[in-house]
Amino acid sequence: MNPQEQLEQRGKFRMTVFEEEYFQGKSCEFTFECQNILDRDFRKIRSIKVENCPWVGYEYPEFQGQQFILEKGDYPCYQAWSGNSSYRTEHMLSFRPIKCANHSDSKITLYECEDFMGRKFEMCEDYPSLQAMGWCSKDVPSIKVNSGAWVGYQFPGYRGYQYIFERDRHQGEYRCYKEYGTQAHTNQIQSMRRIQQ
């Protein structure tokens with residue numbers, strides 16, 4: 001990517017983080033990824049304003065730990081981004097933009113076994129319950145993202161751990177649950193939705 005394209009890409013993504021709840025205290029605007037907010041002399045992130053395009057936040061530096069989807073809007077406190085999670089954390093220490101999100105053109109394929117084996121199901125819509133739409137298990141052992149970006153949730157109703165699946169990461173291929181994220185300890189995914197652009 002040439003320098004002009006890099007500048008244009010940066011302007012597309014914009015997020016402001018605050019050290020205190022309700023957009024108080026020290027703040028910093030980002031148009032690109034941050035591997036460790038502590039390197040910016042922040043102690044923590046307690047509130048966020050996402051102005052353009054979606055981002056994914058991580059519990060630990062270097063994009064490790066629990067993942068949190070951050071779509072356009074205001075997040076006045078940590079419960080706003082982790083409120084539906086069964087595992088609440090006040091920590092968000094790294095984040096990056098999600099570059100391939102395209103709500104109107106998203107397609108994903110779920111597989112009943114690892115390495116894209118067994119029965120499969122293609123999705124183009126949001127499903128608050130995979131079992132209600134016909135998936136006969138609480139588990140999704142492998143996933144292939146054909147286009148766009150998705151967020152999978154551990155439980156029905158978009159609750160529990162969040163896993164971000166992107167076409168431009170891993171070539172869109174997630175062969176087993178260990179590739180879902182560093183916090184993935186199971187292949188349990190019971191609801192999925194497209195990430196809003």
Side-chain angles (χ1 to χ4, degrees), residues 6-104 106 126-129 148-166 168-169 180-185 189-197:
Q6 287 177 340
L7 284 174
E8 289 172 7
Q9 188 73 11
R10 280 189 177 178
K12 183 177 177 184
F13 300 98
R14 184 171 299 120
M15 180 171 82
T16 305
V17 300
F18 299 82
E19 200 167 47
E20 301 300 332
E21 291 184 347
Y22 298 97
F23 319 111
Q24 301 295 310
K26 186 177 184 177
S27 68
C28 187
E29 181 179 280
F30 287 88
T31 56
F32 51 90
E33 70 182 28
C34 176
Q35 293 187 4
N36 189 348
I37 195 68
L38 301 174
D39 292 343
R40 298 288 188 120
D41 293 326
F42 273 71
R43 293 173 295 138
K44 60 193 170 205
I45 297 174
R46 298 297 290 216
S47 54
I48 300 168
K49 286 182 181 261
V50 178
E51 297 162 46
N52 287 350
C53 297
W55 295 69
V56 57
Y58 294 86
E59 179 180 16
Y60 299 116
E62 307 295 327
F63 315 120
Q64 302 293 308
Q66 172 68 8
Q67 302 170 27
F68 304 102
I69 185 67
L70 301 166
E71 293 165 311
K72 186 175 180 179
D74 292 348
Y75 299 84
C77 58
Y78 78 91
Q79 292 96 333
W81 66 73
S82 70
N84 285 336
S85 177
S86 61
Y87 171 66
R88 292 188 178 195
T89 178
E90 295 184 37
H91 301 287
M92 183 183 301
L93 299 177
S94 58
F95 45 86
R96 63 175 177 77
I98 298 174
K99 298 178 180 173
C100 65
N102 185 348
H103 190 264
S104 63
S106 292
D126 301 345
Y127 284 98
S129 172
W150 295 75
V151 57
Y153 295 85
Q154 181 181 13
F155 301 120
Y158 310 121
R159 296 176 303 110
Y161 284 114
Q162 301 174 28
Y163 305 102
I164 311 303
F165 301 101
E166 301 166 82
D168 62 359
R169 295 259 178 194
Y180 295 176
T182 59
Q183 89 285 12
H185 302 291
I189 295 178
Q190 297 185 63
S191 53
M192 292 195 84
R193 68 177 180 82
R194 297 161 291 175
I195 293 176
Q196 302 288 331
Q197 192 170 14

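Throughout, residue positions are numbered sequentially from 1 according to the sequence presented.
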Item to complete: For side-chain contact (heavy atoms from CB on, under 4.5 Å), just list the numbers for F63 and S94, CA-CA rounded to whole Å, side-chain angles, deciding distance to a tenth of an Å, and then say yes or no.
Response: CA-CA 6 Å; F63 315 120; S94 58; 3.8 Å; yes
Practice prompt. Evaluate the criterion side-chain contact (heavy atoms from CB on, under 4.5 Å) for residue pair F95 and V17; output intermediate values, then yes/no.
Written response: CA-CA 10 Å; F95 45 86; V17 300; 4.1 Å; yes
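Judged purely by atom type and a 3.5 angstrom limit, Q67 uses its side chain to pair as donor or acceptor with the backbone of Y180. Between the Q190 side chain and the Q154 main chain, a donor and an acceptor come within less than 3.5 Å of each other. Remark: the backbone N or O of E62 is paired with a side-chain donor or acceptor of Q64 at under 3.5 angstrom. Checking side-chain atoms of T31 against main-chain N and O of R14 turns up no donor-acceptor pair under 3.5 Å. The closest donor-acceptor contact from the side chain of D126 to the backbone of R194 lies under 3.5 Å.
Looking at residues two or more places apart in sequence or on another chain, you find a side-chain contact (heavy atoms from CB on, under 4.5 Å) between C53 and K12, F13. Applying the side chain to side chain donor-acceptor pair (under 3.5 Å) test to Q196 and every residue at least two apart in sequence or in another chain returns H103.
Separating the CZ atom in F23 from the NZ atom in K49 is a distance of 4.5 Å, to the nearest 0.5 Å. Put simply, CD on Q162 and CZ on R193 are 7.5 Å apart, with the number rounded to the nearest 0.5 Å. Atom CZ of residue F32 and atom CZ of residue R96 lie 15.5 Å apart, to the nearest 0.5 angstrom.
Heavy-atom minimum distance, S191 versus S129: CB-N, 4.3 Å.
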Enumerate donor-acceptor pairs with a distance under 3.5 Å from any side-chain N or O in residues 36-46 to protein atoms, sequence neighbours excluded.
residue, atom, partner, partner atom, Å
N36, OD1, L38, N, 2.9
R43, NH2, E20, OE2, 3.3
R46, NH1, E90, OE1, 2.4
R46, NH2, E21, OE2, 3.0

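Below 30°, between 30° and 60°, or above 60°: for Y161 and Y163 the angle between ring planes is between 30° and 60°, a tilted geometry.
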